[in-house]
Trainee: 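Next up is a structure, given as structure tokens.
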Number of protein chains: 2
Amino acid sequence: MKNKELQEQRMRGYFIEATKNLIKGEGIRSVSVRAVADHAGYSFATMYNYFRDLNELIFLCVQDFQEECRLDVEEQVKMVKGGCHERVKARVMAYIRFFTEYPGIFELFFTARAYDLGNREGTLITIERSLENVCKPAWDECLESGTLTVEQAALIAESLRHTVTGMLVMYLNRRRPASYKDFQEMVHRQVDRILKVHHE
Amino acid sequence: MKNKELQEQRMRGYFIEATKNLIKGEGIRSVSVRAVADHAGYSFATMYNYFRDLNELIFLCVQDFQEECRLDVEEQVKMVKGGCHERVKARVMAYIRFFTEYPGIFELFFTARAYDLGNREGTLITIERSLENVCKPAWDECLESGTLTVEQAALIAESLRHTVTGMLVMYLNRRRPASYKDFQEMVHRQVDRILKVHHE
DNA sequence: CAAAGATAATGAACAATGTTAATATATTGC
DNA sequence: GCAATATATTAACATTGTTCATTATCTTTG
């Protein structure tokens, strides 16, 4: 039966959609089996007919959120002009803005406990490469124009990845810096530093 | 009565010690009111006579762990010779080693949920400055020898703080890189990059 | 030293959580 | 339409944090 497959996929979609809305709106803490089931319009036990456990359901949202992040960044940088430096920076800034807008998604990506995720290597890689993925068009431009070599770009990307993750962890989880303004200034300072170094 | 104060302090100490051992040994997930009370030798309800809630108890461990981290690093770098660059790097590496050895402490410092910690600004600052604090002797040396200006040191420290936090988040929470060896290589690469830049 | 009063430790109880197993309900095949 | 299967739901359990009434213990006083 092809129907069965389709119906199952639809059911999974209902639960995933409900979970995504909860994460985006209220954060991961608000995600419980009962809350998700309520939003999906089913009983809490029904979830277990379609997902191994709550953890699997939660982490299935990662792929969707990654795509959502990419589209959001694309929208934000649509009007940005300038060279390699400016384009990469604009995307990094948009990436940061996305996660400050949806702290629950950041939590899911980087700090939420993932028991069994040891197996699901793909999800971990998606998370690791989320910034690179979002910046890809700008990187490609840099490479094509010869502004950077592949090795240089890889090193900068690695550097940006960790610095951005670190700053977001500090700001979203520990309120440091204490104000958004200070955070913003720090972000500019750090991103500029990383991007400028390799332009000399 | 001074006795009462002393006794209360002692009781708090028993619970804090139990919590610290649990965090170091089994991670934050293993910390429950019942587990802590068991290890402290009291009933679970007794905890509430000395702490507002479990969260307060958990985050009271931060100060102790910070000191423990500092001592651990001091021990690790005792024999290190060399200039400013080498001494700072040695401390950063020791800091990272400490947290890879005790992932539970890293979780507590950077990713554990802290509901009410908005008030306890001091704890947040302790966490933010943990790496700077640990590296302070080396920074002082750099400043005194004139290798770096205060502004340069501050910028490098900020850079190190976020990069190190980011790398640890990726490695401890998301197993990326997948092997300790790759992680170690990346750490060297990134720390060198940050420290070298300002030597030119 | 013993009784009254204060203090501190405790167990019962509650709500919320994730999860499983048994039951009820729909759907499908004949 | 009925039996067989698949699916959704309710019941139940173990754990969690937390509160509160009740013990147990310690202190003070007569």
Side-chain angles (χ1 to χ4, degrees), chain A residues 1-19 22-23 25-61 104 107-108 112-120, chain B residues 1-19 22-23 25-61 104 107-108 111-117 119-120:
Chain A
M1 298 287 125
K2 210 55 183 289
N3 280 348
K4 188 179 166 182
E5 189 68 23
L6 176 66
Q7 285 165 9
E8 276 195 15
Q9 203 55 38
R10 260 205 275 261
M11 285 294 282
R12 265 195 280 270
Y14 298 149
F15 281 95
I16 291 177
E17 202 57 39
T19 310
L22 280 170
I23 293 175
E26 313 279 342
I28 278 205
R29 284 251 309 304
S30 72
V31 177
S32 71
V33 188
R34 268 105 175 157
V36 168
D38 269 3
H39 280 70
Y42 289 91
S43 163
F44 60 87
T46 307
M47 194 215 78
Y48 289 93
N49 296 343
Y50 297 94
F51 306 92
R52 183 151 38 88
D53 54 21
L54 185 63
N55 218 250
E56 176 177 1
L57 172 56
I58 289 176
F59 277 88
L60 278 175
C61 300
E107 205 179 346
L108 166 61
R113 273 263 147 188
Y115 317 66
D116 46 10
L117 224 70
N119 309 340
R120 234 178 293 281
Chain B
M1 296 292 125
K2 212 53 184 291
N3 279 349
K4 188 178 167 182
E5 189 69 23
L6 176 66
Q7 285 165 10
E8 275 194 14
Q9 204 56 37
R10 261 204 275 260
M11 284 296 283
R12 265 194 281 271
Y14 298 150
F15 281 95
I16 290 177
E17 203 57 37
T19 309
L22 280 170
I23 292 175
E26 311 281 340
I28 278 205
R29 285 249 311 304
S30 74
V31 177
S32 71
V33 188
R34 269 108 176 155
V36 168
D38 269 1
H39 280 71
Y42 288 91
S43 162
F44 61 89
T46 307
M47 193 215 78
Y48 289 93
N49 296 344
Y50 297 93
F51 306 92
R52 184 152 37 87
D53 54 22
L54 185 62
N55 218 250
E56 176 178 0
L57 173 56
I58 289 176
F59 277 89
L60 278 175
C61 300
E107 205 178 346
L108 166 62
T111 70
R113 274 263 150 187
Y115 316 65
D116 47 10
L117 224 71
N119 310 339
R120 237 177 292 280

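Note on naming: letters A, B, ... go to the chains in the order of the sequence lines (proteins, then strands), and numbering restarts at 1 for each one.
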Trainee: Please name all residues satisfying side-chain contact (heavy atoms from CB on, under 4.5 Å) with Leu60(A), sequence neighbours left out, ordered by chain then number.
Mentor: Ile16(A), Phe51(A), Glu56(A)
Trainee: How far does the helix from dC1(C)-dG30(D) to dC30(C)-dG1(D) bend, going by the axes of its first and last five pairs, to the nearest 10°?
Mentor: 20°
Trainee: Let's see if you get this right: which residues in residues 35-44 of chain B place a heavy atom under 4.0 Å from DNA chain C?
Mentor: Tyr42(B), Ser43(B), Phe44(B)
Trainee: Any idea which of dT7(D), dT20(C), dA8(C) is nearest the Tyr50(B) side chain?
Mentor: dA8(C)
Trainee: Starting from the 5' end of DNA chain C, give me the residue, Ala45(B) or Glu8(B), whose nearest nucleotide shows up first.
Mentor: Glu8(B)
Trainee: Just jot down the side chain to side chain donor-acceptor pair (under 3.5 Å) partners of Arg113(A), sequence neighbours excluded, or say none.
Mentor: Glu107(B)
Trainee: Which whole-number value in Å describes the distance from Ile28(A) CD1 to dT17(C) C1'?
Mentor: 16 Å
Trainee: With a non-hydrogen cut-off below 4.0 angstrom, is Met11(A) in contact with a base, only sugar-phosphate, or nothing?
Mentor: sugar-phosphate
Trainee: For Arg12(A), enumerate each residue passing the salt bridge (charged side-chain N to carboxylate O under 4.0 Å, His left out) test, keeping only those at least two apart in sequence or located in another chain.
Mentor: Glu8(A)
Trainee: With a cut-off of 3.5 Å and sequence neighbours excluded, list every side-chain donor-acceptor pair involving residues 33-46 of chain A.
Mentor:
{"unit_1": "His39(A)", "atom_1": "ND1", "unit_2": "Ala35(A)", "atom_2": "O", "d": "3.0"}
{"unit_1": "Ser43(A)", "atom_1": "OG", "unit_2": "Ala45(A)", "atom_2": "N", "d": "3.4"}
{"unit_1": "Thr46(A)", "atom_1": "OG1", "unit_2": "Ser43(A)", "atom_2": "O", "d": "3.4"}

Trainee: Do you know which two heavy atoms are closest between Leu54(B) and Val31(B), and how far apart they sit?
Mentor: CD2-O, 4.0 Å
Trainee: Evaluate Leu22(B) against Thr19(B) for side chain to side chain contact (heavy atoms under 4.5 Å, CB included), listing each step before the verdict.
Mentor: CA-CA 5 Å; Leu22(B) 280 170; Thr19(B) 309; 5.7 Å; no
Trainee: Output the rounded distance in Å from CZ (Phe15(A)) to P (dA8(D)).
Mentor: 8 Å
Trainee: Calculate the interatomic distance between Glu5(A) atom CD and dT7(D) atom P; express it in whole Å.
Mentor: 11 Å
Trainee: Let me know the distance between CG of Asn49(A) and C1' of dA24(C), rounded to the nearest Å.
Mentor: 13 Å
Trainee: So, taking the atom named CG in Leu57(A) and the one named CZ in Phe15(A), what distance separates them when rounded to the nearest 0.5 Å?
Mentor: 8.0 Å
Trainee: Return the polar atom pairs (N/O with N/O) between nucleotides 13-17 of chain D and the protein under 3.5 Å, or none.
Mentor:
{"unit_1": "dG17(D)", "atom_1": "OP2", "unit_2": "Val33(B)", "atom_2": "N", "d": "2.9"}
{"unit_1": "dG17(D)", "atom_1": "N7", "unit_2": "Arg34(B)", "atom_2": "NH1", "d": "2.5"}
{"unit_1": "dG17(D)", "atom_1": "O6", "unit_2": "Arg34(B)", "atom_2": "NH2", "d": "3.3"}

Trainee: Would you kindly give the CE-to-P distance between Met47(B) and dG11(C), to the nearest whole Å?
Mentor: 16 Å
Trainee: Looking at every heavy atom in both Ala114(B) and Asn55(B), which two are closest together, and how far apart are they?
Mentor: CA-OD1, 3.9 Å
